[in-house]
Amino acid sequence: MADKCHLCLLGLIILSSLLTGTSGVDDAHVFISSGENVRLPYQIVRLREENETAEARKDKDDLGDLETGPKQVKLAQYPMSYFKFQMRAFNSKWYDSFVWLEYSVEKDAAFCYCCRLFGKQHTRINSDKLQNQGYKNWKKALSSFREHEKTAVHGASMASWQGFKSTKEYGDICMQLHSASINEIQERREYLRRIVAITGFLARQDIPFRGHSEKESSANQGNFLECFKLLSQFDPFLQNYTAASNSTYLSPVSQNEFIQSFAEEVTEEIRKEIKLSGMYAVMTDEAKDGKTEQLAVCVRYVNSDGKVVERFLGLQELKIFDAKTITNTIEALLDANDLGNLTCVAQTYDGASVMSGASGGVQALFRANHPEAIYIHCYAHELNLVLCCTCRAVQEAADFFDCLECVYTFFNTSLVNHEKLIAVQKQLGLPGHELAQLSRTRWSCQLASVTAMLENYSAVLTCLEEIGTPVAVGLRMKLCKFSVVYMMVMFECLLSITDGLHKYLQRVSLDLAEAVMYKEAVCNTLKAKRTDEMAQSLYNRAKAICQANGSDGQSSSPRRKQKRMKEFVVESTCGAVGTDLGSSDNLKRHLYFPCVDRMISELSQRFSSVGDSILKGVQACHPSSVTFLSQDLLNEVALHYNIALRAEEIYVAKHYLAKKNEECSIPDILSVYLLLDCDMFPSLKKLFQIVLTLPVSSCTCERSFSALRRLHTWLRRTMGQERLHNLAVLSIEKESVNSIEPGRAGVKLTISDSRYQISAPGHCIITLTTTLLNEDDNREWRCEVTHRNQVKTSVTYTVKSSGESGSHRRLIGALLQRNKVLFVYGQVMESVTTSFNYESNMRRRPDIHSSPGEQQPITTQITENS
């Protein structure tokens, strides 16, 4: 029958050609073998193919595709078919039991969606009607569906379908590996952010990290672990995240690394600011810490914002206390922070001979390497020496302060006496002020002690009378003397004048010129106080205090026992009665004037460690000085620091600043520095920067010792020096720690992370370690060849892929990330070239034109960049 149809069609084509007048066979009438020994024209074959394609497209439209999924048509009434004597039809409830089932309305047949689209590479399934022709036997439909669902071929097709859906939703395997890597990185960063935040909090607040026992069974595992556990109770991320066992970052080693990373970030910030400034001044002081001697090193400079700052640089332990060792320690710390090549304009220490010695002291040895660094004796220490010398120079004054110290010891070494003093204060309605202790190293302690005694004078006398012990009676007799009351009033007046200078010298922004001006103002004030009127005023006030407390101040002197000198050789006078200090004139001549004169003399003689020419040049930079912008004086400073100061800049600056002074006040050197433009006045601005950098005191070092007392308590005496140094940096530089993001402090931990490095096992002495440089781009790696803990070579590698898809590169990066540590035995390699072949076994989408089971290898090579 088919042959007859073909012959009929052939006859129609020949007849058509005759009617149109064409002869022969043209290109449009090419005959093609049909495979059945009958040659058919090309139009017939093409017509047949178009009909078959249209029918396939119609079937495709009738069934589900890759985008829509199974086409589960639900009709009100499906077509009925006879099965023997019963009418059967498709049932839409079958969709609930078989998710892969779909229905064709055109063919009135059921199909398996997954086997039809994802089972093409399986040959045995071609005989299954659910995959090709469609299933129509509704009488046995349920049993056939269940049997089909149990076949291995259907299971494989279902797995392929699920894989396709996962690829469609989450991307292919390359994208999923890359996404998993990104998610892992993000989760680890979030985890580290919380640990770093806990570390920064404990370090800023000077709170200990470790506990006595950090075992799981311990009730108190230490502040660090307890804070982490507390945060985990309220943080949903920590509740859902489980860190790998090799990277929990909760061990003591990890704590030290976090602390060190924080401290390095703070020190790096200080180092960058100093390098931008181009110059600095060093300030050093030492203090005893238990059984060790600690050396605190601070720096002073002008930052890029034009602000004078003093920063803590480090804390070093001293084994030997000579000048050479201290100098080498300072130099080593400066070199470690890459500051040795910068200009050091000044050095500030206390007055100890080992520090201030002109020939063999630290300041002399330090100037051998830094000739510009002038030595400045700390003004705060010098003022304290002035007060100490004044209080000890006059014998009556020395006895007075010894008496105050005895009273403090009497009430503070006995809890009973201290409680009685508090009770008496409450009875008299006095505020509960404590007595102050005297100390030669604590500034302004003399004023605090005198003031506390004046405020509690009546309470102290009453309490001593009630106690009635011999010591109490003796102390009360001394305190009732009029000369003691007079010295309390006198020193309260004199020390109040210098107390403001004490506080002012501790300012960071203070410059040397202002310090000298304030010192001279204090001297002038003391000179103005040296009058008879002032002495009489003090006498009247002391007399009023004695009368208010029921004492005339004239305590009777004990009767002296006559000494018999028979048979003795007398070489000096003995038994002489002291000067009577009851009269106003005697108190003035023997107490008031000698103390005032000694203070004025000490203030005038001290504060002169800086050379006279340099000091005058510094004063010429202050706008309120009569020598402001004096060229001769400024040239002295410029010559010392090798600055080519131009006279034209000084002339222009005088007129410019005079005009500015009319618009607004210019109070200090810093204001002048901010007004000078670096392009208009380059040398003059640099000169003013040097003057601002000159330190006045080493109070910043003293503050570091206060932090040391909070950090190195007796419970933390096992702390190492490096950890103590890092914690001191974080405690003192709290503002810098607050500005550091937790992510920055955890960046450096990737170097020591066990998931980025694996130490050499056994006796391996040569190792090649690869480190991921950028977690967001898994293509750049740093490789280091180490031989006996010494880095021999270090190179950077980039992963390059021959595949066109970016996912291939991400896949190789993910593979490298899991195989990035190599151990090399033998000789040190100079270069490394490694190839990775990855054969993709993943199933391709049906719309990709590739044969079933086709595999395309992806070759990736690591090449050396530098």
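Just the heavy atoms: all of them, side chains too, but no hydrogens, waters or symmetry mates, feed the values below. Numbers here are sequence positions counted from 1. Bear in mind the structure is a predicted one, so any value in this text is a computation, not a measurement.
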Mind checking what makes side-chain contact (heavy atoms from CB on, under 4.5 Å) contact with [X], not counting sequence neighbours?
{"X": "D350", "result": "D285, A352, M355, H381"}
{"X": "A448", "result": "A436"}
{"X": "E293", "result": "E286, K288, L318, F321"}
{"X": "D597", "result": "R530, F593"}

Is it true that, when you exclude [X] itself, more than 12 heavy atoms of the residues, nucleotides or ligands shown sit nearer than 6.0 Å to its [atom1]?
{"X": "K685", "atom1": "NZ", "result": "yes"}
{"X": "K654", "atom1": "NZ", "result": "yes"}
{"X": "E735", "atom1": "CD", "result": "no"}
{"X": "N738", "atom1": "CG", "result": "yes"}
{"X": "R710", "atom1": "CZ", "result": "yes"}
{"X": "K734", "atom1": "NZ", "result": "yes"}
{"X": "M517", "atom1": "CE", "result": "yes"}

Would you kindly say whether [X] and [Y] are connected by a side-chain donor-acceptor distance under 3.5 Å?
{"X": "Q721", "Y": "Q316", "answer": "no"}
{"X": "S683", "Y": "E649", "answer": "yes"}
{"X": "E382", "Y": "S697", "answer": "no"}
{"X": "T325", "Y": "N328", "answer": "no"}
{"X": "E331", "Y": "H370", "answer": "yes"}

Is a salt bridge present between [X] and [Y], judged by a nitrogen-to-oxygen distance below 4.0 Å?
{"X": "E273", "Y": "R311", "value": "yes"}
{"X": "K616", "Y": "D632", "value": "no"}
{"X": "K275", "Y": "D338", "value": "yes"}
{"X": "E269", "Y": "R271", "value": "no"}

Residue pair [X] / [Y]: nearest heavy atoms and the distance that separates them:
{"X": "R717", "Y": "D289", "value": "NH1-OD1, 3.2 Å"}
{"X": "V266", "Y": "S736", "value": "CG1-CB, 4.0 Å"}
{"X": "C621", "Y": "V691", "value": "SG-CG2, 3.7 Å"}
{"X": "L629", "Y": "L657", "value": "CD1-CD1, 3.9 Å"}
{"X": "F312", "Y": "A296", "value": "CE1-CB, 4.2 Å"}
{"X": "L633", "Y": "A620", "value": "CB-CB, 3.9 Å"}

Walk me through whether E520 and Y518 qualify under side chain to side chain donor-acceptor pair (under 3.5 Å).
CA-CA 5 Å; E520 293 177 352; Y518 277 99; over 6 Å; no

Could you check L727 against M719 for side chain to side chain contact (heavy atoms under 4.5 Å, CB included), going step by step and ending with a plain yes or no?
CA-CA 10 Å; L727 288 175; M719 185 190 308; 3.8 Å; yes

Atom pair [atom1] ([X]) and [atom2] ([Y]), whose distance is rounded to the nearest 0.5 Å:
{"X": "L684", "Y": "R646", "atom1": "CG", "atom2": "CZ", "result": "11.0 Å"}
{"X": "I274", "Y": "T693", "atom1": "CD1", "atom2": "OG1", "result": "10.5 Å"}
{"X": "F262", "Y": "L730", "atom1": "CZ", "atom2": "CG", "result": "7.0 Å"}
{"X": "Q506", "Y": "E702", "atom1": "CD", "atom2": "CD", "result": "9.0 Å"}
{"X": "D335", "Y": "N341", "atom1": "CG", "atom2": "CG", "result": "7.5 Å"}
{"X": "L202", "Y": "S731", "atom1": "CG", "atom2": "OG", "result": "12.0 Å"}

K307 side chain reached by V302 side chain, heavy atoms, under 4.5 Å
no

Going by heavy atoms in the side chains, are K529 and V596 under 4.5 Å from each other?
no

Donor-acceptor contact below 3.5 Å, side chain [X] vs main chain [Y]:
{"X": "T267", "Y": "E264", "value": "no"}
{"X": "N369", "Y": "L365", "value": "no"}
{"X": "R210", "Y": "R716", "value": "no"}
{"X": "Y280", "Y": "L339", "value": "yes"}
{"X": "E514", "Y": "I669", "value": "no"}
{"X": "H377", "Y": "G351", "value": "yes"}

Pairs where residues 494-513 contributes a residue and the test salt bridge (Lys or Arg N to Asp or Glu O under 4.0 Å) is met, not counting sequence neighbours:
D499-K503

Step by step, would you call Q294 with S704 a side chain to side chain donor-acceptor pair (under 3.5 Å)?
CA-CA 10 Å; Q294 297 289 347; S704 66; over 6 Å; no

Show, in sequence, the C-alpha distance, side-chain angles and deciding distance for Y375 and V362, and conclude whether the side chain to side chain contact (heavy atoms under 4.5 Å, CB included) test is met.
CA-CA 10 Å; Y375 168 64; V362 173; over 6 Å; no

side-chain contact (heavy atoms from CB on, under 4.5 Å) partner of L295, chosen from I330, L315, L333
I330

The test is side chain to side chain contact (heavy atoms under 4.5 Å, CB included); show your working for V516 and V618 and say whether it passes.
CA-CA 10 Å; V516 174; V618 171; over 6 Å; no

Can you list everything that forms a ring pair (Phe, Tyr, Trp, His ring centres under 6.0 Å) with F401? Sequence neighbours excluded, please.
F491

Can you label the angle between the F688 ring and the F628 ring as parallel, tilted or perpendicular, going by 30° and 60°?
perpendicular

Y349/S698 under side chain to side chain contact (heavy atoms under 4.5 Å, CB included): CA gap, chis, key distance, verdict
CA-CA 7 Å; Y349 317 120; S698 58; over 6 Å; no

Apply side chain to side chain donor-acceptor pair (under 3.5 Å) to the pair Y301 and E310, showing each step before the final yes or no.
CA-CA 7 Å; Y301 58 92; E310 294 181 357; over 6 Å; no

